[in-house]
Visitor: 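Encoded as structure tokens, here's the structure I'll be asking about.
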Amino acid sequence: MTSILIAVYVAAMVTANTLVWWLGPWFSPINAFFLIGLDLTLRDVMQERLDRWQLAGTIIVGGIITWLVNPAAQAIAVASAVAFLVSAIADWATYTALRSKPWLVRSNGSNVVGAAVDSVLFPTLAFGSFLPAIIALQFAAKVGGGAVWSFIMRPLMARKCNP
């Protein structure tokens, strides 16, 4: 099951990066809801199954695969890998601090922090400027998408926590 989660996580990252490169910044909030919300929540699920180095490696591999799929998207792939790594650290710290809380609180609490970090870093690095409207829309979309995905994945976590 962990291998499937990693594959979905990397596929969502590669797809999200490729779509942003093809369609530009305006597509970022749509992407953020569906694919980055999924990635934020899968990151929490994988945090229960992988150590932090394995998770960091998964994120870096996703950035490399994005570049290999479309070398012209190099700036997007690098921005994504950096933003995902930094937001993963923030997400991990928050998720760990909320360890005693129920799954939805842990996941959504860490998603808010991860989404804030990622929403500022990714568009700023990818597009070379601070874009407040895109950042705000991305943040709202990531938090909303993460909430939907955490609710969908709640049964998966219940099975993991209660074998």
Visitor: Please enumerate all residues that pass side-chain contact (heavy atoms from CB on, under 4.5 Å) together with A141, with sequence neighbours excluded.
Guide: A32, F33
Visitor: Quick one: do W149 and L42 satisfy side chain to side chain contact (heavy atoms under 4.5 Å, CB included)? Show the steps, please.
Guide: CA-CA 8 Å; W149 283 111; L42 279 175; over 6 Å; no
Visitor: Report, as yes or no, whether the 6.0 Å neighbourhood of atom CZ on F27 holds more than 12 heavy atoms from other residues, nucleotides or ligands.
Guide: yes
Visitor: The criterion is side-chain contact (heavy atoms from CB on, under 4.5 Å); which residues satisfy it with V61, sequence neighbours excluded?
Guide: I65
Visitor: Count I, L, V, M, F, W, Y as connected when their side-chain heavy atoms are under 4.5 Å apart, and connections chain through other members. Are L55 and I89 then in the same cluster?
Guide: no
Visitor: Tell me whether L19 is reachable from F122 by hopping between hydrophobic residues (I, L, V, M, F, W, Y) whose side-chain heavy atoms are closer than 4.5 Å.
Guide: yes
Visitor: Is there a continuous path of hydrophobic side-chain contacts, each under 4.5 Å between heavy atoms, that joins M13 to L5?
Guide: yes
Visitor: Enumerate the residue pairs fulfilling salt bridge (charged side-chain N to carboxylate O under 4.0 Å, His left out) with a member in residues 87-104, sequence neighbours excluded, ordered by first and then second residue.
Guide: E48-R99
Visitor: Taking I4 as the starting point, is it possible to reach M157 by hopping between hydrophobic residues whose side chains are less than 4.5 Å apart?
Guide: yes
Visitor: Residues two or more places apart in sequence or in another chain: which of them pass side-chain contact (heavy atoms from CB on, under 4.5 Å) with I6?
Guide: T2, V10, M46, L50, T58
Visitor: Would you give the length of the straight line joining atom CG of L98 to atom CG of D44, rounded to the nearest 0.5 angstrom?
Guide: 10.0 Å
Visitor: Any donor-acceptor pair under 3.5 Å linking the side chain of S107 with the backbone of W103?
Guide: no
Visitor: Can you measure from CH2 (W92) to OG (S110) and round to the nearest 0.5 angstrom?
Guide: 12.5 Å
Visitor: By side-chain hydrogen bond (donor to acceptor under 3.5 Å, both in side chains), which residues pair with Y9, not counting sequence neighbours?
Guide: none
Visitor: I need the minimum non-hydrogen distance between L121 and A83, along with the two atoms involved.
Guide: CB-CB, 3.8 Å
Visitor: Provide the closest heavy-atom pair for L85 versus A56 in the form atom of the first, atom of the second, distance.
Guide: CD2-CB, 3.8 Å
Visitor: Distance from I36 atom CD1 to I30 atom CD1, nearest 0.5 Å?
Guide: 13.0 Å
Visitor: Quick check: closest heavy atoms across Q47 and Y95, and the distance to 0.1 Å?
Guide: NE2-CD2, 3.2 Å
Visitor: Can you see which heavy atom on I152 is nearest to which on P155, and at what distance?
Guide: O-CD, 3.2 Å
Visitor: Please list every donor-acceptor pair under 3.5 Å in which a side-chain atom of residues 124-136 meets a protein atom from a residue at least two apart or in another chain.
Guide:
from : atom 1 : to   : atom 2 : distance (Å)
T124 : OG1    : V120 : O      : 2.6

Visitor: Tracing side-chain links under 4.5 Å among I, L, V, M, F, W and Y, which residues wind up in one group with V112?
Guide: F139, V143
Visitor: Between L38 and M153, is a side chain to side chain contact (heavy atoms under 4.5 Å, CB included) present by the stated rule, with each step listed?
Guide: CA-CA 10 Å; L38 172 62; M153 290 184 205; 3.3 Å; yes
Visitor: Just to verify, what does N108 make a side-chain hydrogen bond (donor to acceptor under 3.5 Å, both in side chains) with, not counting sequence neighbours?
Guide: S150
Visitor: Any pair with a residue in residues 115-130 that passes salt bridge (charged side-chain N to carboxylate O under 4.0 Å, His left out), sequence neighbours left out, goes on the list, sorted by first then second residue, please.
Guide: D118-K142
Visitor: Decide whether L35 and W21 are clustered together by the hydrophobic rule: side chain heavy atoms of Ile, Leu, Val, Met, Phe, Trp, Tyr closer than 4.5 Å, transitively.
Guide: yes
Visitor: According to the side chain to side chain donor-acceptor pair (under 3.5 Å) rule, which pairs have a member within residues 25-40, sequence neighbours left out?
Guide: S28-Q138
Visitor: Output the rest of the hydrophobic cluster of V105: all Ile, Leu, Val, Met, Phe, Trp and Tyr residues reachable through side-chain heavy-atom contacts under 4.5 Å, sorted by chain and number.
Guide: none
